[in-house]
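One structure below.
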Amino acid sequence: MDPHLLKELNVERRARRAAILVTDLEDGCDRLVRERDVVDGALGSALERAFQSGKSATIEADGRSCFLNVHLPPARLVVIGAVHISQALAPMAALSGFDMTVIDPRTAFATPERFDSVALIAQWPDDALKQVPLDAYTAVAALTHDPKIDDDPLHAALKANCFYVGALGSRKTHAKRVDRLLARGLTLEEINRISAPIGLDIGAASPAEIAVAIMAEIITSLRNRSVTSS
């Protein structure tokens, strides 16, 4: 591999940006394609599918045989609120390959005993997110029902273009949330990216069922997010 391309790839990986190393199997030439790059034709379509799936593969495109070596940042899940739903989410996130962090300033809830083997930050989100910067490969789920805790990370998640932003609460609760976020300077287009009520509509009732609905919606959002390689 060209040392210059390797250096470029490592830069992208350190910055948690997706990239694909495309190797022409006929002449051995390599090129690096970033998720925001525009590539036309059948190769562009194949790259888009690869960015969404995260799977490396040999493909035939535009009369050439190429190997797509996909490098996606590890997906992260940041949960605001050390609640029962968060406890149910933890093993599901781990099984689905997500690094999960729980943030809650309420130390009565944010305890290692309740969240064994989960990254736990018992601080206000503004301070905690300095340790866990948000990006396009992060999902944020706000679950406290408390505007003092949820609103700041929701604002931050939308501004960071997180691939998924969800918030617990009824439609009435969310309508009040929309008003608060508008007052903070967010646009309605930005706010409409919030999934609220959170999770796929499967009729979930218990914390475990709600966690299933949330995890399923997060995975759907990750695999169907818009990419700009074509």
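Keep in mind that the numbers below use all heavy atoms, side chains included, and drop hydrogens, waters and symmetry copies. Small disclaimer: the values here were computed from a predicted structure and weren't measured.
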query = Run the side chain to side chain contact (heavy atoms under 4.5 Å, CB included) check on T23 and N69 step by step: do they pass?
reply = CA-CA 8 Å; T23 302; N69 192 350; over 6 Å; no
key: Y137/L72 under side chain to side chain contact (heavy atoms under 4.5 Å, CB included): CA gap, chis, key distance, verdict   = CA-CA 9 Å; Y137 276 83; L72 300 187; 3.6 Å; yes
inquiry  = Apply side chain to side chain contact (heavy atoms under 4.5 Å, CB included) to residues F98 and M215 and explain how you reach the verdict.
reply    = CA-CA 10 Å; F98 285 76; M215 200 70 241; 3.6 Å; yes
inquiry  = Would L68 and S56 count as a side chain to side chain contact (heavy atoms under 4.5 Å, CB included) here? Give the steps.
reply    = CA-CA 5 Å; L68 307 184; S56 300; 5.8 Å; no
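Proximity of a side-chain donor or acceptor of E35 to a complementary backbone N or O of F51 within less than 3.5 Å is not detected. S53 places a side-chain N or O within 3.5 Å of a backbone atom of R49 that can act as its donor or acceptor partner. A donor-acceptor contact shorter than 3.5 Å links the side chain of R16 to the backbone of P74. With hydrogens and angles ignored, the 3.5 Å screen pairs no side-chain donor or acceptor of S221 with any backbone N or O of F163. Judged by distance alone, with hydrogens and angles left aside, the side-chain atoms of R193 form a donor-acceptor pair with the main-chain N or O of C162 at under 3.5 Å. Using a distance-only test at 3.5 Å, with no hydrogens or angles considered, no donor-acceptor pair links the side chain of E190 to the main chain of L186. Judged by distance alone, the side chain of N192 and the main-chain N or O of E189 form no donor-acceptor pair under 3.5 Å.
Hydrophobic cluster membership differs between V102 and F109, with clusters built from Ile, Leu, Val, Met, Phe, Trp and Tyr side chains linked at under 4.5 angstrom. A single hydrophobic cluster is seen to contain both Y164 and V212, as judged by linkage of ILVMFWY side chains at heavy-atom distances under 4.5 Å, directly or through other members. Under the 4.5 Å side-chain heavy-atom criterion for ILVMFWY residues, a single connected hydrophobic cluster contains both L182 and L158. Both L188 and I194 belong to a common hydrophobic cluster when Ile, Leu, Val, Met, Phe, Trp and Tyr are linked at side-chain heavy-atom distances under 4.5 angstrom.
The shortest heavy-atom contact between A88 and A211 is CB-CB, 3.7 Å. The two residues E209 and G203 have their closest heavy-atom pair at OE1-O, 4.4 Å. Residue L47 comes nearest to V22 through the heavy atom pair CD2-CG2, 3.9 Å, listed as atom of the first residue, atom of the second, then distance. Taking both residues in full, the closest heavy atoms of I210 and A205 are given as CD1-O, 3.8 Å, listed atom of the first, atom of the second, then distance. L154 and G166 get closest at one heavy-atom pair: CD2-O, 4.0 Å. For T144 against D150, the heavy-atom pair with the smallest separation is OG1-OD1, 2.8 Å.
Around atom NE2 of H71, more than 12 heavy atoms belonging to other residues, nucleotides or ligands sit under 6.0 Å away. Open room surrounds CG on D116; 12 or fewer heavy atoms of other groups in view lie less than 6.0 Å from it.
Here the straight-line distance linking atom CD1 of I85 with atom CG of L89 works out to 7.5 Å at 0.5 Å rounding. Put simply, CD1 on I218 and CD1 on I198 are 6.5 Å apart, with the number rounded to the nearest 0.5 Å. In this structure, OG1 in T173 is found 8.5 Å from CG in L168, a value given to the nearest 0.5 Å. With rounding to the nearest 0.5 Å, the separation of CE in M100 from CZ in F115 is 6.0 Å. In this structure, R114 CZ and S86 OG are separated by 8.0 Å, a value rounded to the nearest 0.5 Å. Taken to the nearest 0.5 Å, the CG atom of D146 stands 8.5 Å off from the CG atom of D151.
L43 is listed as a side-chain neighbour of I59, based on a closest heavy-atom distance under 4.5 Å. In this structure the side chain of T138 never reaches within 4.5 angstrom of the side chain of L77, judged on heavy atoms. Looking only at side-chain heavy atoms (C-beta outward), L134 and V78 come within less than 4.5 Å of each other. Counting heavy atoms from C-beta on, the side chains of I149 and P105 come closer than 4.5 Å. At least one side-chain heavy atom of H4 sits less than 4.5 Å from a side-chain heavy atom of E8.
Applying the side chain to side chain donor-acceptor pair (under 3.5 Å) criterion to S195, with sequence neighbours excluded, gives E217. Residues that satisfy the salt bridge (charged side-chain N to carboxylate O under 4.0 Å, His left out) test with D99, not counting sequence neighbours, are absent from this structure. Judged as a salt bridge (charged side-chain N to carboxylate O under 4.0 Å, His left out), and not counting sequence neighbours, the contacts of D104 are R106. In this structure R76 satisfies the salt bridge (charged side-chain N to carboxylate O under 4.0 Å, His left out) test together with D135, sequence neighbours excluded.
Looking only at atom types and distance, the side chain of H174 has no donor-acceptor partner in the side chain of R171 under 3.5 Å away. Using modelled atom types and a 3.5 Å distance limit, the side chains of Q52 and R225 yield no donor-acceptor pair.
Sequence neighbours left out, the pairs with a member in residues 54-75 that pass salt bridge (Lys or Arg N to Asp or Glu O under 4.0 Å) are D24-R64, E26-R64, D27-R64.
Electrostatic pairing of R31 and D37 does not count as a salt bridge here, judged by no charged N lying under 4.0 Å from a carboxylate O.
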Please set out all donor-acceptor pairs under 3.5 angstrom arising from side-chain atoms of residues 117-129, sequence neighbours excluded.
from	atom 1	to	atom 2	distance (Å)
Q123	OE1	Q131	NE2	3.1

